[in-house]
Protein chains: 2
Amino acid sequence: MKLGRMNHIGVATPDLDASIAFYRDVMGATDITEPFVLESQQVRVCFVNTPTDSGINGTQVELLQPTSPDSAVGKWLEKNPLGGQHHLCFEVPDIHAAKSEFEALGKRVLGEPRVGAHGTMIFFVHPKDMGGILTEIMESPKGAH
Amino acid sequence: MKLGRMNHIGVATPDLDASIAFYRDVMGATDITEPFVLESQQVRVCFVNTPTDSGINGTQVELLQPTSPDSAVGKWLEKNPLGGQHHLCFEVPDIHAAKSEFEALGKRVLGEPRVGAHGTMIFFVHPKDMGGILTEIMESPKGAH
């Protein structure tokens with residue numbers, strides 16, 4: 001695989017609005033996107049944009065609140081009721097090539113590529129095959145370099 | 001606090017050399033720093049540099065292998081033997097100002113500021129006060145913007 005940008009870290013929270021207030025009031029974030037529901041993942045989600053030295057495209061914090069206790073994030077929160085670091089997301093230029101490469105290495109890709117929170121195709125790879133980290137692979141948005 | 005750059009995510013591993021091979025051979029990283037021992041944290045550590053759209057200063061993956069089972073990372077690995085996401089590090093312009101601000105908000109700062117893996121002063125904040133995330137605050141290296 002060709003490693004791309006670290007697009008975001010996924011942070012699960014039992015209370016999205018409280019987490020937004022935390023990033024704004026405690027951490028000093030000034031650019032937080034409007035929350036929306038991503039039905040395919042059963043989450044309400046928003047992104048905290050972080051500063052960079054270049055001024056463009058910092059690694060985001062993706063805040064995730066489950067819309068159902070039976071969702072993947074809902075089950076994760078049962079074991080981690082405070083919330084915390086849920087996954088890590090890297091960009092790739094070609095989602096299908098990346099899937100084939102992971103599978104050729106014996107890594108368990110969790111389901112077929114589907115549309116993620118940034119509107120491009122994503123898949124997840126099993127944490128037990130990835131050094132304990134649930135890893136999201138995301139096709140770079142069109143126009144990105 | 002004034003939120004700075006997401007400097008790195010800290011990833012604990014039981015085998016640093018295997019993790020370096022994983023980031024190189026599976027994830028496709030091409031820029032991984034030489035490991036060194038950070039005595040103050042009882043870890044052997046290196047950084048995986050990730051690409052950015054601007055070409056400068058991507059959020060790094062900090063790989064951490066404990067040098068003692070009694071260290072903080074050693075104890076964390078006892079509970080998470082595969083390794084995984086251990087902490088999240090943001091930069092600030094002034095480490096002492098940041099410490100005062102966290103303390104004024106009732107956040108538990110873990111110990112006094114000390115020299116971190118990038119050679120600037122750092123401290124950690126208790127995960128139970130930070131949405132379940134062990135958070136490292138790091139003074140930006142001199143010359144960085």
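Only heavy atoms go into these numbers, but all of them, side chains included; no hydrogens, no water, no symmetry mates.
- In this structure, CG in B:D53 is found 5.5 Å from CD1 in A:I56, a value given to the nearest 0.5 Å.
- Once rounded to the nearest 0.5 Å, the distance linking CG of A:D129 with CZ of B:F22 reads 8.5 Å.
- Highest contact tally toward chain B, considering only A:G83, A:P81, A:A18, is held by A:G83 [criterion: heavy-atom pairs under 4.5 Å].
- Taking every heavy atom of both residues into account, B:M6 and A:V61 meet most closely at CE-CG2, 3.8 Å.
- Residues A:M130 and B:L16 fall within the same hydrophobic cluster, defined by Ile, Leu, Val, Met, Phe, Trp and Tyr side chains chained together at heavy-atom separations under 4.5 Å.
- Follow the hydrophobic side-chain contacts under 4.5 Å out from B:M138 and you never reach B:F123; the two are in separate clusters.
- With hydrophobic clusters built from ILVMFWY side chains whose heavy atoms lie under 4.5 angstrom apart, B:F36 does not share a cluster with B:L63.
- Of the two parts of A:T13, neither the backbone nor the side chain holds a non-hydrogen atom closer than 4.5 Å to a non-hydrogen atom of chain B.
- When the side chains of ILVMFWY residues are joined at heavy-atom separations under 4.5 Å, either directly or via intervening members, B:V37 and B:L64 end up in two distinct hydrophobic clusters.
- Heavy-atom distances place no part of B:S19 under 4.5 Å from chain A, backbone and side chain included.
- Counting heavy-atom pairs closer than 4.5 Å to chain B, the top residue among A:T59, A:T50, A:D15 is A:T59.
- Neither the backbone nor the side chain of B:V92 comes within less than 4.5 Å of any heavy atom of chain A.
- Of the atoms belonging to B:N7, not a single heavy atom falls under 4.5 Å from chain A.
- Of the listed residues A:G84, A:P51, A:G28, the one with more heavy-atom pairs under 4.5 angstrom with chain B than any other is A:P51.
- For A:K107, the NZ atom sits in a packed shell: over 12 heavy atoms of surrounding residues, nucleotides or ligands are nearer than 6.0 Å.
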Problem set entry | side-chain contact (heavy atoms from CB on, under 4.5 Å) between A:L3 and B:Y23, worked out | CA-CA 9 Å; A:L3 183 68; B:Y23 275 92; 5.6 Å; no

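- Contacts between B:Q60 and chain A at a heavy-atom distance below 4.5 Å involve the backbone alone (N, CA, C, O).
- With hydrophobic clusters built from ILVMFWY side chains whose heavy atoms lie under 4.5 angstrom apart, B:V109 shares a cluster with B:F90.
- For the atom pair CD1 (A:I133) and CD1 (B:I9), the distance works out to 5.5 Å, reported to the nearest 0.5 Å.
- Proximity to chain A involves both the backbone and the side chain of B:K128, based on heavy atoms less than 4.5 angstrom apart.
- Between A:Q85 and B:H86, every side-chain heavy-atom pair lies at or beyond the 4.5 Å cut-off.
- The greatest number of non-hydrogen atom pairs below 4.5 Å with chain A, out of B:N80, B:D25, B:L88, is found for B:L88.
- Taking every heavy atom of both residues into account, A:I137 and B:M27 meet most closely at CD1-CE, 4.5 Å.
- In this structure, B:V26 and A:M1 have side chains that are not in contact, with every pair of non-hydrogen atoms separated by 4.5 Å or more.
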